[in-house]
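Below is one structure, written out as structure tokens; comments come after it.
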Amino acid sequence: MKEIINKTNNISKKQIFYITFLLFFLSSIFYISWLIWVFSTILSLIFYSLITYLIYFIWKKIFRKKYLFYIDFLNYFLYKVSLWIFISILIIWWWGYYSNEINPAAIPEYTITNWEKTVIFQAMSHIWSEDFYEKIKQNLIKAKKDWYVYFYEWVRDWNEKNKQDFDKAIWIKFDKDLYENFSKLYWVINQDNSIYLNLVNNLDYNIDLSIDDIMDYYNTSKIKNNTNNILQNEEVIDINAEIVKTLSTLNEKELKILRYVNQAILNFMIWSEKTQNLITNNFWNKKLFSIILDKRNDVLSEGIIKSEHNKIYITYWLLHFKWVLENLQKNDNNWKIINTKILYPIK
């Protein structure tokens with residue numbers, strides 16, 4: 001008798017949980033996305049409960065076992081679905097809060113020297129917070145007042161044929177609006193390198209390749225290695241159009257949630273070296289990625305070595321630093337890190 005009462009009480013507690021949770025969940029959906037998504041969610045729950053019950057019913061019939069009636073099965077189904085949604089939301093919320101508020105990504109500023117030249121290497125990305133870019137601007141002004149010159153990363157102009165070939169090689173339509181549109185999905189801004197030019201003086205040097213250079217290296221390496229299996233895609237994905245389309249379907253509340261999650265992803269990718277290595281090692285066109293990374297490392301390293309200036313402030317992608325330092329040390333083993341500062345680009 002006690003066993004029956006306990007079982008009834010347990011079921012009652014489960015019902016209270018899923019009814020309370022579903023009411024809260026549907027109210028949240030109504031607040032964020034309005035009534036149509038509430039109806040859509042309810043219909044989805046009914047539809048999937050019927051599909052699941054059909055599978056369950058057939059399975060029980062095949063093995064000639066007792067089965068629950070649909071109304072009893074629905075109680076079990078809604079409890080399990082509610083529990084799964086609750087745990088999923090809790091995990092995503094905690095991960096997002098931890099990544100954005102407790103342990104956001106740290107971006108280093110390295111100072112290196114061989115005791116003849118001193119280089120400040122500020123790691124960068126093309127989309128970050130406005131505050132991050134402003135802090136770098138102030139640091140650059142301070143450095144230039146101390147007689148530093150400015151080396152910066154910025155892929156130069158290209159001809160249309162190489163631009164089209166580059167898009168095919170990476171499968172994405174790469175244009176000047178790409179980073180600006182990406183920034184709208186992350187609640188950050190895209191890098192405007194013009195704010196760093198002509199500060200204090202005009203000793204600013206673009207130490208980078210153009211897409212024309214990249215494609216020349218790429219095509220030469222294909223001929224040299226006779227590699228016909230390098231992946232290219234004739235149908236290029238227009239990421240800009242996809243982003244604009246996504247933005248147009250979201251209201252401000254939905255976009256706010258998406259941006260918060262995207263920021264957490266961005267923070268996670270920056271502070272997780274394993275994730276960076278995974279992306280690097282699985283880039284679909286490894287030959288092109290190698291050229292984009294390695295050749296620019298060589299250009300920057302050579303620029304530092306051959307420069308007539310002994311104090312250089314650099315803004316460049318974080319992944320380049322390790323290899324640039326290695327190149328410099330091959331040329332002169334006196335090069336070493338003497339200082340590291342940390343900035344938080346999204347905090």
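Listed by chain and number, the residues in a side chain to side chain donor-acceptor pair (under 3.5 Å) with Tyr53 amount to none (sequence neighbours excluded). Among residues two or more places apart in sequence or in another chain, the ring-ring contact (aromatic ring centres under 6.0 Å, His included) test is passed with Tyr97 by Trp93. Residues satisfying the side chain to side chain contact (heavy atoms under 4.5 Å, CB included) criterion with Asn297, sequence neighbours excluded, are Leu293, Asp294, His320, Trp323, Val324, Asn327.
In this structure, a donor-acceptor pair under 3.5 Å is present between the side chains of Ser49 and Tyr70.
Linking ILVMFWY residues whenever their side-chain heavy atoms come closer than 4.5 Å, directly or via other members, leaves Phe69 and Tyr56 in distinct clusters. Tracing side-chain contacts under 4.5 Å through hydrophobic residues (I, L, V, M, F, W, Y), one reaches Phe39 starting from Phe25; they form part of the same cluster. Hydrophobic clustering (ILVMFWY, side-chain heavy atoms < 4.5 Å, transitive): Leu68 and Ile46 are in one cluster. Both Phe47 and Trp37 belong to a common hydrophobic cluster when Ile, Leu, Val, Met, Phe, Trp and Tyr are linked at side-chain heavy-atom distances under 4.5 angstrom. A single hydrophobic cluster is not seen to contain both Ile92 and Phe24; linkage of ILVMFWY side chains at heavy-atom distances under 4.5 Å, directly or through other members, places them apart.
We find that Lys144 and Asp204 are joined by a salt bridge, their nearest charged nitrogen and carboxylate oxygen being less than 4.0 Å apart.
Environment of OH in Tyr205: crowded, with over 12 heavy atoms of neighbouring residues, nucleotides or ligands closer than 6.0 Å. Counted within 6.0 Å of OH on Tyr76, heavy atoms from surrounding residues, nucleotides or ligands total 12 or fewer; the atom is thus considered open.
Atoms CG and NZ, on Leu199 and Lys145 in that order, are 10.0 Å from each other to the nearest 0.5 Å. Taking CH2 of Trp115 as the start and CG of Asn310 as the end, the distance is 14.0 Å to the nearest 0.5 Å.
Results of the ring-ring contact (aromatic ring centres under 6.0 Å, His included) test with Phe121 over Phe321, Tyr148, Tyr110, Phe151 single out Phe321 as the only residue that passes.
Ring to ring, Tyr150 and Tyr152 are close: their centroids are under 6.0 angstrom apart.
Annotation: cation-pi geometry not satisfied between Lys137 and Tyr196 (NZ/CZ under 6.0 angstrom from ring centroid, within 45° of ring axis).
Using bins of under 30°, 30° to 60° and over 60° for the plane-to-plane angle, the ring pair Phe30/Trp34 lands in the perpendicular bin.
Between the side chain of Ser88 and the backbone N or O of Trp84, at least one donor-acceptor pair lies under 3.5 Å. Without hydrogens or angle criteria, Thr113 side chain to Lys117 main chain gives a donor-acceptor distance under 3.5 Å. At least one donor-acceptor pair under 3.5 Å links the side chain of Glu254 to the backbone N or O of Asn251. In this structure a side-chain-to-backbone donor-acceptor pair under 3.5 Å is missing from Asp213 to Leu209. A donor-acceptor pair is defined here as one N or O able to donate and one able to accept, closer than 3.5 Å; no such pair exists between the side chain of Gln329 and the backbone of Lys336.
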